[in-house]
Amino acid sequence: VQLQACGGGLVQAGGSLRLSCAASGSISSTNVMGWYRQAPGKRRELGAVITRGGSTTYADSVKGRFTISRDNTNNTLYLQMNNLKSEDTAVYYCANGSPTGWGRGQNALDAWGQGTLVTVSS
């Protein structure tokens with residue numbers, strides 16, 4: 001599986017951005033996709049996950065502000081980010097894996113996008 005992420009940019013605090021991640025290659029019918037992010041000087045952290053059936057999980061830091069969704073027909077993952085804060089500044093990575101892989105942690109995922117930078121100015 002290959003992932004191509006886009007949609008990052010510079011936005012003012014309180015603004016919105018929508019990230020996209022196009023998947024190609026051999027995609028499992030049970031794949032789970034999600035978004036990680038890594039802020040400067042910090043560890044990469046999970047932001048949101050979505051199963052093929054549409055079940056979602058969010059980190060507390062983004063819950064209520066971010067919405068993850070996917071288009072299975074076009075193999076595209078999205079992250080709608082609203083009410084952005086300066087602490088949301090990070091490189092955002094999309095990732096793909098099996099349900100088991102997601103349960104084991106990021107090292108068990110089988111594909112990563114190249115990352116897209118989101119910068120929120122205060």
Side-chain angles (χ1 to χ4, degrees):
V1 177
Q2 294 80 44
L3 303 176
Q4 181 72 35
C6 63
L10 174 64
V11 63
Q12 289 188 331
S16 298
L17 278 177
R18 189 192 196 201
L19 306 183
S20 299
C21 175
S24 61
S26 180
I27 300 169
S28 167
S29 61
T30 60
N31 72 320
V32 178
M33 301 187 75
W35 292 94
Y36 275 84
R37 66 183 185 180
Q38 187 167 20
K42 295 188 176 181
R43 297 172 60 183
R44 190 160 55 184
E45 64 176 9
L46 179 63
V49 179
I50 185 168
T51 68
R52 193 156 183 97
S55 296
T56 58
T57 303
Y58 295 93
D60 288 343
S61 57
V62 307
K63 198 174 296 183
R65 301 185 299 120
F66 290 11
T67 302
I68 189 171
S69 61
R70 62 189 289 172
D71 179 347
N72 292 331
T73 300
N74 294 309
N75 293 320
T76 304
L77 176 72
Y78 302 99
L79 186 68
Q80 177 67 43
M81 305 184 293
N82 298 329
N83 190 22
L84 283 160
K85 305 175 181 180
S86 56
E87 52 262 44
D88 294 319
T89 294
V91 177
Y92 285 71
Y93 300 89
C94 54
N96 178 83
S98 67
T100 301
W102 280 94
R104 291 176 176 171
Q106 56 182 296
N107 290 334
L109 302 178
D110 57 31
W112 291 84
Q114 82 284 9
T116 184
L117 176 62
V118 172
T119 303
V120 183
S121 63
S122 56

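Given the structure is predicted, the values throughout are model-derived calculations rather than measurements.
Minimum interatomic distance between Gly97 and Leu109 (heavy atoms only, all atoms of both residues): CA-CD2, 4.2 Å. Smallest separation of non-hydrogen atoms from Val118 and Met81: CG2-CE, 3.8 Å. Minimum heavy-atom separation, Ile27 to Ser24: CD1-N, 4.1 Å.
Leu84 contributes atom CG, which lies 6.0 Å from atom OG of Ser16 (distance to the nearest 0.5 angstrom). Interatomic distance, OG of Ser20 versus CG of Asn74, reported as 11.0 Å (0.5 Å rounding). Taken from CG in Leu17 to CD in Gln80, the straight-line distance is 8.5 Å, to the nearest 0.5 Å. Atom CG of residue Leu19 and atom CH2 of residue Trp35 lie 4.5 Å apart, to the nearest 0.5 angstrom. Ser122 OG to Lys85 NZ: the interatomic distance, rounded to the nearest 0.5 Å, is 13.5 Å. How far SG of Cys94 is from CG of Leu3: 4.5 Å, rounded to the nearest 0.5 Å.
Inter-residue side-chain proximity for Pro99 and Thr51 is flagged as unmet; no heavy-atom pair is nearer than 4.5 Å.
A donor-acceptor pair under 3.5 Å links the side-chain atoms of Gln114 to the main chain of Ala5, judged by distance alone. In this structure, Thr89 contributes its side chain and Val120 its backbone to a donor-acceptor pair below 3.5 Å. Asn72 places a side-chain N or O within 3.5 Å of a backbone atom of Arg52 that can act as its donor or acceptor partner.
Remark: Cys6 SG to Cys21 SG, distance not under 2.5 Å.
Under the 4.5 Å side-chain contact rule for hydrophobic residues, Leu79 and Val91 do not share a cluster. A continuous path of Ile, Leu, Val, Met, Phe, Trp and Tyr side chains, each step under 4.5 Å between heavy atoms, connects Tyr93 with Leu117, placing both in one hydrophobic cluster. Note on Val32 and Tyr58: separate hydrophobic clusters, where clusters join Ile, Leu, Val, Met, Phe, Trp and Tyr whose side-chain heavy atoms are under 4.5 Å apart, directly or indirectly. No single ILVMFWY cluster, assembled from side-chain heavy atoms under 4.5 Å apart, contains both Tyr78 and Val49. A single hydrophobic cluster is seen to contain both Tyr92 and Val1, as judged by linkage of ILVMFWY side chains at heavy-atom distances under 4.5 Å, directly or through other members.
With 3.5 Å as the limit, one finds no donor-acceptor pair spanning the side chains of Thr100 and Ser98.
Checking Thr76, Asn31, Asn75 one by one against Arg70, the side chain to side chain donor-acceptor pair (under 3.5 Å) holds for a single residue, Asn31.
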Could you check Arg37 against Asp88 for side chain to side chain contact (heavy atoms under 4.5 Å, CB included), going step by step and ending with a plain yes or no?
-> CA-CA 9 Å; Arg37 66 183 185 180; Asp88 294 319; 2.8 Å; yes
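Ring orientation note: the planes of Tyr36 and Trp102 are close to parallel, at an angle under 30° on the 30°/60° scale.
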